[in-house]
Visitor: 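Let me begin by handing over the structure; questions about it come next.
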Amino acid sequence: MDFELEWTPEQEAFRAEARAWIEANVPSIPDHPDPANLTREEYELQREFGRRLGAKGWLYPTMPAEYGGGGLSMELAMALEEELDRYNMPLPPYYDTGGKLGGIAILVWGTEEQKAHFLPMILRGEIRTWQLLTEPESGSDLASVRTTAIRDGDEYVVNGTKIFVGSSHGAEYSWMIVVTDPDAPRHENLGWLMMPMDLPGITVEQMDLLFVGGERGAASGIKNTVYFDNVRVPAFNLVGGEGNGWKVAGTHLEIEHGLLRSAVRDDPLTERVFDYARNAKRGGRPLLEDQDVRDRLVDFYIDAEVTRLLHFRNYAWRGQGKQLTYEGAQAYLYQKRGQLSKARAVLDVMGPQALVEAPDEWAVADGHVEVHQRGAIVDQHPGGTAEIQRVIIARRLGIGRDVREEPGRLR
Amino acid sequence: MDFELEWTPEQEAFRAEARAWIEANVPSIPDHPDPANLTREEYELQREFGRRLGAKGWLYPTMPAEYGGGGLSMELAMALEEELDRYNMPLPPYYDTGGKLGGIAILVWGTEEQKAHFLPMILRGEIRTWQLLTEPESGSDLASVRTTAIRDGDEYVVNGTKIFVGSSHGAEYSWMIVVTDPDAPRHENLGWLMMPMDLPGITVEQMDLLFVGGERGAASGIKNTVYFDNVRVPAFNLVGGEGNGWKVAGTHLEIEHGLLRSAVRDDPLTERVFDYARNAKRGGRPLLEDQDVRDRLVDFYIDAEVTRLLHFRNYAWRGQGKQLTYEGAQAYLYQKRGQLSKARAVLDVMGPQALVEAPDEWAVADGHVEVHQRGAIVDQHPGGTAEIQRVIIARRLGIGRDVREEPGRLR
Amino acid sequence: MDLLLNEQQRMLQSTIQDLLRRDFSKEMLVAIDAGTVDVAQGWPALASTGLLGSLVPEEHGGVGGSFSDAGVLFEELGRGPVPGAHFSSGVFAALVLQECGSADQQSAHLPAIASGDAVFAVAVTEPEYGWERGDVQATAERTPDGYTLSGVKLHVPDALEATHFLVAARTGGESVGLFIVPSDAPGVACRTLPGLSTGLGEVLLDGVAIGEDALLGGASDGWDAFERAMLRATAVLSAYQVGGLESVFQMCLEYSRTRRQFQQPIGRFQRVQDHIIDIVNHLDAARWTTYEALWKLDTGRPAESGVHMAAALASEGYYLACNAAHDVHAGVGIVREYGLTLHTRMSRTLYHHLGSPRYHRRRLAGALGLQPGLS
Amino acid sequence: MDLLLNEQQRMLQSTIQDLLRRDFSKEMLVAIDAGTVDVAQGWPALASTGLLGSLVPEEHGGVGGSFSDAGVLFEELGRGPVPGAHFSSGVFAALVLQECGSADQQSAHLPAIASGDAVFAVAVTEPEYGWERGDVQATAERTPDGYTLSGVKLHVPDALEATHFLVAARTGGESVGLFIVPSDAPGVACRTLPGLSTGLGEVLLDGVAIGEDALLGGASDGWDAFERAMLRATAVLSAYQVGGLESVFQMCLEYSRTRRQFQQPIGRFQRVQDHIIDIVNHLDAARWTTYEALWKLDTGRPAESGVHMAAALASEGYYLACNAAHDVHAGVGIVREYGLTLHTRMSRTLYHHLGSPRYHRRRLAGALGLQPGLS
């Protein structure tokens with residue numbers, strides 16, 4: 001076993017090239033602890049940088065080059081991400097579920113024409129894409145969605161409501177799960193649709209929430225309700241064929257359930273919390289003199305490390321071509337629950353100061369700590385709750401069943 | 001609210017009488033940490049004392065006097081138990097599910113003839129009774145038992161196997177759940193039977209287990225497998241009528257699921273563990289200097305106190321005639337899980353010495369600590385696992401259901 | 001043994017419930033949370049109930065009720081949770097004044113507290129947050145006429161509503177005195193902190209000159225007396241948290257029945273059930289330890305270990321119950337208008353108030369004689 | 001990055017698996033547990049595999065394998081769990097001898113350890129149990145010919161099987177030396193402790209006279225070197241616990257499919273699933289931290305924090321997984337012949353061995369620079 005990559009001279013050369021290019025092209029955008037504070041101007045800079053990355057195939061470096069991806073190996077993609085990380089810049093540098101989730105679904109399930117049409121604009125960064133899954137009556141039970149897309153000639157007519165959608169600053173496209181045949185049996189009644197967001201009949205409205213975090217590299221800013229009122233979309237945009245929406249969803253859900261992380265890095269919160277603890281005092285004495293403070297920090301560290309290692313295992317095994325089953329959901333579950341226990345450890349160590357929001361002078365670590373206090377709660381639900389991860393783990397391990405559930409198709 | 005009983009002069013007089021009588025009659029029997037070490041001779045002394053208590057109605061002090069119980073109030077029964085407690089003597093002073101569980105079932109469901117026949121010998125301590133519920137294929141799912149009792153003239157013919165039964169030193173009777181009609185629907189196919197244990201065809205065989213604890217006042221010593229091979233028992237012994245076994249079981253299960261405790265006392269383990277911690281040293285320094293040791297002891301204390309208070313609430317509310325629903329199972333769940341967390345706290349504090357068994361010189365608290373290390377695991381299962389308590393709590397609270405489950409009949 | 005409310009307590013409970021239903025609907029509480037309605041708007045209604053004088057002696061215009069009575073009231077307030085200075089002023093400050101204040105000081109301020117005309121907030125904690133004597137670093141320098149107070153008080157509940165502060169400050173060496181400081185005194189500046197907490201403020205004391213009579217009890221060290229008052233206040237705060245727990249539990253129970261996924265109420269799933277069972281366990285553990293602690297205070301029994309245990313269980317329980325409730329509700333729970341986040345914020349806000357769970361556990365260890373050398 | 005076993009490790013694994021299937025069936029392990037078969041009976045078979053020399057250099061008759069290789073072997077042993085002195089002698093003592101012993105001492109003893117002819121147990125802990133230098137209170141008094149050892153060594157694994165002990169004793173002041181003591185030396189008395197633990201013994205040292213050459217490395221203070229050896233041994237012990245965890249997980253998975261209650265496999269119930277998911281989470285957390293720690297040792301990277309983290313997770317995980325497995329199995333789990341209690345006992349026995357989880361967490365805090373004054 002080898003827990004570190006050894007870089008070849010060729011790979012190091014690529015890294016040097018990437019570093020130089022990034023240095024020349026990367027925009028300077030403040031690191032907002034709360035992504036909701038990203039301005040429209042800053043967002044446009046991100047998009048512009050994305051298009052430049054896309055032109056080189058570096059926006060989605062491991063996706064096939066023929067559709068605008070980079071066609072790069074996992075190792076080179078990792079080098080690229082590490083270099084971007086110096087500027088605290090994720091890949092893509094804005095919230096875009098187009099390539100991360102939808103792109104793979106299109107790659108696996110799309111017709112040649114659909115791939116040729118949709119993938120290049122996604123992978124080159126020409127469009128940014130939201131995902132539209134959850135509805136007021138359909139959360140964990142995604143297959144019970146009610147938004148309909150009824151075929152009418154060469155178009156589908158879409159009606160319904162999606163919630164917890166997207167981010168700030170809009171999107172050019174969304175992909176969504178819809179009911180194409182209200183009379184068909186469960187799981188056979190669905191379609192998977194690429195929806196241009198500028199069609200008539202679409203209304204986007206911001207939700208009022210405790211917080212909207214967004215994971216690293218997917219900082220979403222805000223969430224919206226999206227209403228569809230007789231929206232007419234070309235039938236061409238249905239990917240995977242009528243009645244196959246659940247299978248197509250299986251592909252992007254497989255990624256979302258724990259395989260979204262690409263290169264695996266240390267959680268930057270760890271060092272922020274440790275820094276605080278090393279410098280803080282109570283009653284004039286170092287905070288670290290308290291054994292329970294040290295214990296809590298160690299708990300924190302272990303949570304972060306185990307999460308890192310499980311994601312790392314998954315990343316490495318995917319690279320080695322080993323079939324993953326329960327491991328994605330396991331890492332995701334660990335990550336989610338780890339956020340909660342880390343949030344409590346932080347509150348225990350810092351006291352109410354952990355609850356002070358930037359830009360207040362008392363905010364810890366420029367507000368990253370307060371954002372984490374809120375985000376840890378909110379992070380429990382997107383991409384499937386902890387309970388849903390447990391459902392997946394149980395089925396994939398074959399607990400109580402002789403036949404284990406198969407993972408969704410990834411190629 | 002009042003968390004303490006205020007004793008009237010009449011009650012104090014009763015207490016004085018009880019104290020004097022107990023002092024004159026109580027046998028001296030060593031406090032075996034592991035009840036399996038109770039000798040036959042010591043057991044016979046317990047039984048003899050039980051018969052003397054029974055003659056005064058003090059063996060089952062709150063049961064109706066007309067059937068041999070004491071007919072005493074909850075307060076007087078509590079005084080009686082407190083006085084017995086000075087001699088570390090529970091009530092009854094041996095394992096007997098006859099009066100504690102079976103007696104109530106007979107009282108609620110028996111015919112007048114059955115009550116007149118069975119209750120006096122139970123309540124006067126003439127017989128000791130085991131309960132026979134679990135079978136190799138039926139644990140949590142009690143309603144799925146397979147032992148049959150098929151009517152044949154004035155008798156039932158019993159065939160089957162019961163496991164995790166009873167105690168050391170045999171029993172005169174057992175009550176048991178049996179299938180009286182193999183063709184009837186689930187829950188309507190059962191009978192509840194009082195079984196004399198000296199009938200031909202009954203074989204009792206000791207099981208080889210990690211440990212068999214037994215709760216305070218029900219110290220069971222060992223557990224047995226009991227085989228029934230064409231055992232013929234009078235039809236008179238079926239309580240509640242054919243097909244009603246599940247309802248009768250509802251009565252004794254209601255008691256077993258958390259309402260078995262009568263007077264509520266501090267867990268003696270707490271003081272044993274605290275004593276150890278106050279006197280122990282590590283590397284020549286007091287163990288209590290370690291903050292994590294103090295923390296663990298506080299955890300331990302809180303677990304014990306909450307369990308005590310929940311049982312206390314149940315006991316007081318029953319005395320006030322308030323209908324309990326989820327509270328019995330809740331206290332029982334807390335008690336069970338508390339045993340596990342207490343066991344780990346003890347192991348953390350004491351190190352491997354907690355694992356040394358009496359009479360070894362290194363055994364802590366005369367071996368009570370090691371017995372608790374084993375017993376905490378074993379205590380999770382009898383009377384319904386923690387999972388079963390959760391099922392009961394959920395149904396009684398009405399989680400996910402508009403109609404709450406009714407408790408089993410207690411009168 | 002009688003573990004039910006008495007007649008008078010049931011009346012108290014029903015009166016306050018009526019008021020809260022009327023003046024503090026969920027929509028109102030959400031509006032306060034969103035900042036579209038001022039928290040102070042509800043003060044007259046609260047004051048009118050007499051609850052601000054619940055623990056103030058009758059001679060000072062209060063009700064002179066028991067701690068258990070106060071528990072009944074504040075449990076109901078916690079259900080909202082109704083924010084504001086009712087606890088800070090009517091319980092915490094009122095108890096500190098009674099424990100530390102001179103007869104004159106009590107006569108001067110307790111009636112106003114009981115009537116709601118004065119609103120007291122207790123300003124003890126600082127940037128190096130904590131509830132131990134040594135955590136107080138603000139200073140009170142002696143002047144010919146009195147004292148000059150300097151320092152930063154942080155995470156002070158209800159600071160912005162207060163007409164007066166009870167300020168803890170070092171009077172020399174290890175000694176800590178308590179001072180009455182009008183919030184409009186020159187040199188006092190005050191604001192609410194933004195973020196996940198609710199109603200916590202910063203109070204800057206920039207050379208605030210106060211008279212000699214501002215020192216509670218005239219005692220240059222009032223910390224031990226302050227701790228006695230704090231212990232009693234803590235038990236009432238726990239009752240408030242119990243109310244919050246009860247409310248969170250009821251929300252989850254209701255949602256478990258009405259929300260359907262996978263063609264059945266979500267409460268049919270064992271994982272959902274277990275979250276709710278965890279909540280009811282936190283609730284009942286906090287509830288019964290709190291009730292017992294209040295009873296101990298009322299009957300003059302040693303209450304230290306009981307109060308600390310209840311406080312640890314109530315703070316931790318409320319915090320963890322909110323986490324579990326978010327698991328039960330998933331996305332719906334984070335929508336502000338649904339109302340769960342009111343509790344989420346309050347549970348975080350109160351987590352360290354009057355001592356963190358760690359503080360209470362340490363104190364409990366002390367009360368149980370679990371200190372080296374005490375055997 | 002390559003997180004799969006290499007070719008040679010897969011061969012090692014398959015060889016040891018074959019042996020264990022043959023000589024250490026579940027029935028055999030249950031019989032050893034019940035005391036009807038002597039644990040020493042399996043020693044020749046174990047010795048024949050070469051695993052006792054896995055970490056002994058080739059020059060001393062060993063294999064000179066990597067820590068990761070040893071991890072592969074001991075993970076398989078842990079699955080049984082196969083009890084006995086394989087770890088105490090072949091890993092722990094062998095590493096201590098290499099770290100603390102002189103060249104002569106190594107030549108004299110390592111070959112016998114590798115071949116299984118000598119069985120070493122490490123006798124460090126005492127009634128005031130702990131793995132810190134200060135916990136050693138046995139004394140080594142200087143005599144003209146060597147030393148006289150006195151004291152009580154308690155909870156010493158595999159004491160009864162040992163031909164030799166490595167004894168830690170104070171040589172004066174804070175200094176602790178390590179001594180080689182034959183188990184049949186006059187003044188040595190030894191027995192196994194009864195109870196829930198398995199294979200832990202008491203070793204009485206009643207004025208045991210030993211020669212000067214018994215002192216490891218001739219160093220009157222060998223504690224720091226001992227701790228270095230202990231750290232490495234710890235990572236292999238974690239691998240053994242990972243094997244135990246894997247076995248507990250597999251038992252539960254199997255039972256979840258075959259045991260039916262309420263007309264379905266019990267594994268269909270979410271509560272049962274969650275116990276097993278907790279187990280697999282403990283397993284994988286322990287597994288991957290252990291593998292990384294072994295890799296760090298093999299590649300000469302700083303391994304302290306990694307080993308302590310893995311040890312804490314493996315000890316706690318194995319303990320808690322056994323609890324969860326008892327929840328899954330209920331009554332069946334406590335029946336000795338079923339085999340789960342083998343793990344229950346072993347998880348308790350190893351919980352404190354080479355340092356409790358608390359010890360490892362404290363050391364981890366140190367390794368992370370979380371000590372006051374280190375910033």
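Nothing here was measured: the structure is a model prediction, and the numbers come from that model. Protein chains get the first letters and strands the later ones, always in sequence-line order, with residue 1 at the start of each.
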Visitor: Who among Arg390(B), Met350(B), Met207(B) has the most heavy-atom pairs with chain D under 4.5 Å?
Guide: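 The answer is Arg390(B).
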Visitor: With rounding to the nearest 0.5 Å, note down the distance linking CG in Leu193(D) to CH2 in Trp362(B).
Guide: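 Separation between the atoms: 9.0 Å.
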Visitor: Out of curiosity, Ser197(D) OG to Gln353(B) CD, how far, rounded to the nearest 0.5 Å?
Guide: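 If I round to the nearest 0.5 Å, the distance is 11.0 Å.
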Visitor: Kindly indicate whether the side chain of Arg271(D), heavy atoms from C-beta on, has any atom under 4.5 Å from the side chain of Val391(B).
Guide: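 A side-chain contact under 4.5 Å exists here.
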Visitor: Chain B: which of Gly130(D), Pro127(D), Gly134(D), Pro194(D) shares the most heavy-atom pairs with it under 4.5 Å?
Guide: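 The candidate making the most pairs under 4.5 Å is Pro194(D).
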Visitor: Are any non-hydrogen side-chain atoms of Pro352(B) and Leu200(D) less than 4.5 angstrom apart?
Guide: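 Answer yes - side chains close enough.
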Visitor: When you look at CG of Asp31(B), are more than 12 heavy atoms from neighbouring residues, nucleotides or ligands closer to it than 6.0 Å?
Guide: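 Count over threshold, so yes.
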Visitor: Are His352(D) and Leu347(B) side-chain neighbours, meaning at least one heavy-atom pair lies under 4.5 Å?
Guide: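 They are in contact (side-chain heavy atoms under 4.5 Å apart), so the answer is yes.
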Visitor: Does the side chain of Lys223(B) reach to within under 4.5 Å of the side chain of Ile334(D), using non-hydrogen atoms?
Guide: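 No. Closest side-chain heavy atoms not under 4.5 Å.
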Visitor: Side chain, backbone, both or neither: which part of Ala363(B) has a heavy atom under 4.5 Å from chain D?
Guide: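 For Ala363(B), no heavy atom lies under 4.5 Å from chain D.
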Visitor: Around Asp366(B), counting heavy atoms of other residues, nucleotides and ligands shown, do more than 12 lie under 6.0 Å from its CG?
Guide: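 Not more than 12 within 6.0 Å, no.
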Visitor: So do Tyr319(D) and Arg344(B) actually touch side chain to side chain, heavy atoms under 4.5 Å?
Guide: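 Arg344(B) reaches Tyr319(D) side chain to side chain.
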Visitor: So Leu210(B) and Arg336(D), side-chain contact (heavy atoms from CB on, under 4.5 Å) or not? Walk me through it.
Guide: CA-CA 6 Å; Leu210(B) 174 69; Arg336(D) 191 203 298 267; over 6 Å; no
Visitor: Under 4.5 Å from any heavy atom of chain B, what part of Val332(D) do you find: side chain, backbone, both or neither?
Guide: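 Just the backbone, heavy atoms under 4.5 Å.
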Visitor: Between Glu202(D), His275(D), His155(D), Arg362(D), which residue shows the highest count of heavy-atom pairs closer than 4.5 Å to chain B?
Guide: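 Most heavy-atom pairs within the cutoff with chain B belong to His155(D).
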Visitor: Minimum heavy-atom separation for Asp141(B) and Gln261(D), please, with both atom names.
Guide: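 For Asp141(B) versus Gln261(D), the nearest heavy atoms are N-OE1, 2.8 Å.
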Visitor: By a 4.5 Å heavy-atom criterion (distance strictly below it), what part of Leu340(D) contacts chain B: side chain, backbone, both, or neither?
Guide: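 For Leu340(D), neither part sits under 4.5 Å from chain B.
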Visitor: Could you look at Glu370(B) and say if it's the side chain, the backbone, both or neither that has a heavy atom under 4.5 Å from chain D?
Guide: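 Only the side chain of Glu370(B) comes within 4.5 Å of chain D.
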Visitor: So do the side chains of Arg348(D) and Ile377(B) get within less than 4.5 Å of each other, counting heavy atoms only?
Guide: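 When only atoms from C-beta onward are counted, Ile377(B) and Arg348(D) do touch, with a gap below 4.5 Å.
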Visitor: Counting only non-hydrogen atoms closer than 4.5 Å, does Thr344(D) touch chain B with its backbone (N, CA, C, O), its side chain (CB onward), both, or neither?
Guide: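 Answer is side chain: those atoms of Thr344(D) sit under 4.5 Å from chain B.
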Visitor: Check the pair Tyr351(D), Leu355(B) against side-chain contact (heavy atoms from CB on, under 4.5 Å), reporting the backbone distance first and the verdict last.
Guide: CA-CA 11 Å; Tyr351(D) 188 76; Leu355(B) 307 173; over 6 Å; no
Visitor: Below 4.5 Å from any heavy atom of chain B, which atoms of Arg191(D) appear? Answer side chain, backbone, both or neither.
Guide: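 When you check distances to chain B, only side chain atoms of Arg191(D) fall under 4.5 Å.
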Visitor: What distance separates Gln380(B) CD from His329(D) NE2, expressed to the nearest 0.5 Å?
Guide: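 Separation between the atoms: 15.5 Å.
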Visitor: Considering non-hydrogen atoms only, spot the tightest contact between Gly331(D) and Phe164(B) and give its length.
Guide: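 In this case the closest contact between Gly331(D) and Phe164(B) is O-CZ, 3.2 Å.
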Visitor: Charged N to carboxylate O below 4.0 Å: is that the case for Asp327(D) and Lys336(B)?
Guide: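 Looking at Lys336(B) together with Asp327(D), the answer is no, because their closest N to O distance does not fall below 4.0 Å.
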Visitor: Under 6.0 Å from the CD atom of Glu337(D), do we count more than 12 heavy atoms belonging to anything else shown?
Guide: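 No, because the 6.0 Å sphere around CD of Glu337(D) holds 12 heavy atoms or fewer from other groups.
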Visitor: Give a yes or no on this: more than 12 heavy atoms of other residues, nucleotides or ligands lie within 6.0 Å of atom CD of Gln264(D).
Guide: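 Yes, CD of Gln264(D) has more than 12 neighbouring heavy atoms, counting only those of other groups under 6.0 Å.
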Visitor: Quick one: do Val335(D) and Asp208(B) satisfy side-chain contact (heavy atoms from CB on, under 4.5 Å)? Show the steps, please.
Guide: CA-CA 6 Å; Val335(D) 178; Asp208(B) 183 13; 6.0 Å; no
Visitor: Examine whether an atom of Pro359(B) lies under 4.5 Å from a heavy atom of chain D, and if so say whether it belongs to the side chain, the backbone or both; otherwise answer neither.
Guide: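 Neither part; nothing is under 4.5 Å.
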Visitor: Please flag which part of Ser140(B) lies under 4.5 Å from any non-hydrogen atom of chain D: side chain, backbone, both or neither.
Guide: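 It is both, since atoms from each part get that close.
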Visitor: Can you tell me how far the CD1 atom of Ile266(D) sits from the CD atom of Glu387(B), to the nearest 0.5 Å?
Guide: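 Interatomic distance, Ile266(D) CD1 to Glu387(B) CD, rounded to 0.5 Å: 9.5 Å.
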Visitor: Which answer fits Ile388(B), side chain, backbone, both or neither, if we ask what part of it has an atom under 4.5 Å from a heavy atom of chain D?
Guide: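 Only the side chain of Ile388(B) comes within 4.5 Å of chain D.
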Visitor: Does Glu126(D) come within less than 4.0 Å of Arg282(B), counting only side-chain N to carboxylate O?
Guide: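 No, this pair does not count.
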Visitor: Relative to chain B, which of Cys322(D), Gly195(D), Pro357(D) shows the most heavy atom pairs under 4.5 Å?
Guide: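 That would be Gly195(D).
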Visitor: Could you tell me which of Arg259(D), Arg260(D), Arg133(D) has the largest number of non-hydrogen atom pairs under 4.5 Å with chain B?
Guide: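 Result: the option with the highest number of such pairs is Arg259(D).
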Visitor: Which atoms form the tightest heavy-atom contact between His381(B) and His326(D), and what is the distance?
Guide: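 His381(B) and His326(D) have their closest heavy atoms at NE2-O, 3.2 Å.
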Visitor: Atom CD in Gln137(D), atom NZ in Lys281(B): separation rounded to 0.5 Å?
Guide: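 Between atom CD of Gln137(D) and atom NZ of Lys281(B) there are 9.5 Å.
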Visitor: Is Arg285(B) paired with Asp135(D) through a side-chain N to carboxylate O contact shorter than 4.0 Å?
Guide: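 Judged by the 4.0 Å cut-off on N to carboxylate O distance, Asp135(D) and Arg285(B) do not form a salt bridge.
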Visitor: Examine whether an atom of Val30(D) lies under 4.5 Å from a heavy atom of chain B, and if so say whether it belongs to the side chain, the backbone or both; otherwise answer neither.
Guide: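 Contact with chain B is absent: no heavy atom of Val30(D) under 4.5 Å.
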